[in-house]
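For reference, the structure discussed in these notes is given below.
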Amino acid sequence: MGDALKDKVEEISGVDLSVCFQCKKCSSGCPVAKLAKSKPSEIMRRLHLGAENELLESDIVWMCVSCETCTARCPMGIDIAAVMDALRKMALERGASKQEGNVPLFNKAFLKTVQLFGRSYEIMMIAVYKLGTGKFMNDTEKFPKMLKKGKISLIPSLGGDRKTVRHIFKTTKKNKGAGK
Ligand code: SF4
Ligand code: SF4
């Protein structure tokens with residue numbers, strides 16, 4: 001069973017997990033490792049040792065912000081960020097129960113706006129996220145400041161390649177259906 005999880009992660013991410021020699025450079029550079037119970041290097045180790053589905057419930061899987069620092073730092077050229085992506089995908093498919101807070105909801109809201117606009121559109125992402133949480137008034141005091149500093153815009157940027165991005169979403173959906 002453990003090998004099945006490792007094999008599947010390797011298949012999805014294209015990563016050879018066996019070359020990790022536990023130098024921990026990925027964990028020391030990870031911006032969220034200090035806040036998470038599991039570090040990226042621990043995930044790599046546990047996968048290598050044949051961890052089973054409980055690994056999909058590790059908090060780092062959902063706290064990972066896909067910054068790819070770990071990937072850039074790995075002396076073995078392991079794409080750890082791709083491993084995290086693979087674990088998120090599998091966690092969603094297998095309905096892993098202990099997903100961290102509202103992170104999966106945020107993830108979905110983010111992807112929805114990218115799918116529609118070809119890149120992130122923060123106002124819509126916030127609206128979808130707040131609809132999901134039902135906490136409409138949380139953090140609203142930050143809104144004017146962010147607007148003033150140009151951190152968010154009322155109008156979506158139309159600079160993204162929407163056609164290509166939609167094609168990626170369509171292909172991924174089709175492949176997912178074929179893989180079932
Ligand atoms: S940086 Fe690479 S080799 Fe080092 S622990 Fe992380 S994954 Fe393994
Ligand atoms: S991609 Fe994820 S795991 Fe890697 S350094 Fe960034 S936050 Fe950490």
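This chain uses plain numbering: 1 for the first residue, then up along the sequence. As the structure lists them, so they are numbered: ligands from 1, and atoms in each ligand from 1.
- Interface of Phe21 with ligand 1, defined as ligand atoms under 4.0 Å from a residue heavy atom, comprises 3 (S).
- Counting atoms of ligand 2 from 1 in the listed order, those under 4.0 Å from a heavy atom of Val65 are 2 (Fe), 7 (S).
- Numbered from 1 in the order shown, with element, the atoms of ligand 2 that lie under 4.0 Å from a heavy atom of Ser66 read 1 (S), 2 (Fe).
- Nearest heavy-atom pair across Glu68 and Ala81 is CG-CB, 3.8 Å.
- In this structure, Tyr129 is a member of the same hydrophobic cluster as Phe110, with clusters built from ILVMFWY side-chain heavy atoms closer than 4.5 Å.
- Looking at Arg73 and Ser28, their side chains do bring a donor and an acceptor atom within 3.5 Å of each other.
- In this structure, Lys39 contributes its side chain and Ala36 its backbone to a donor-acceptor pair below 3.5 Å.
- Remark: the Ser66 side chain and the Arg88 side chain contain an N/O donor-acceptor pair separated by less than 3.5 Å.
- Heavy atoms of Gly29 stay at 4.0 angstrom or farther from ligand 2.
- Remark: Phe106 CZ is loosely packed, at most 12 non-hydrogen atoms of other residues, nucleotides or ligands lying under 6.0 Å away.
- Between Leu131 and Phe136, the closest side-chain pair of non-hydrogen atoms falls below 4.5 Å.
- The two atoms that bring Leu55 and Val61 nearest to each other are O-CG2, 4.1 Å, heavy atoms only.
- Close approach of ligand 2 to Cys30 is summarised as follows: ligand atoms under 4.0 Å from at least one heavy atom of the residue are 3 (S), 5 (S), 7 (S), 8 (Fe).
- For the residue pair Ser120 and Val114, the shortest heavy atom distance occurs at N-CG2, 3.9 Å.
- Heavy atoms of other residues, nucleotides or ligands lying less than 6.0 angstrom from CG of Leu49 number more than 12.
- Set against the non-hydrogen atoms of Pro75, the atoms of ligand 1 under 4.0 Å away are 1 (S).
- The part of Glu68 lying near ligand 2 is the backbone, judged by heavy-atom distances below 4.0 Å.
- Excluding waters, the set of protein N/O/S atoms under 2.8 Å from atom 6 (Fe) of ligand 1 reads Cys26 SG.
- Ligand-side atoms of ligand 2 in range of Pro31: 5 (S), range being under 4.0 angstrom from any heavy atom.
- The shortest contact between atom 2 (Fe) of ligand 2 and any protein heavy atom is with Cys64 SG, 2.4 Å.
- Scanning the protein heavy atoms around atom 6 (Fe) of ligand 2, the nearest turns out to be Cys67 SG, 2.3 Å.
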Legend entry - Test log, rule salt bridge (Lys or Arg N to Asp or Glu O under 4.0 Å), inputs Arg46 and Glu42: CA-CA 6 Å; Arg46 285 167 66 196; Glu42 284 169 27; 5.5 Å; no
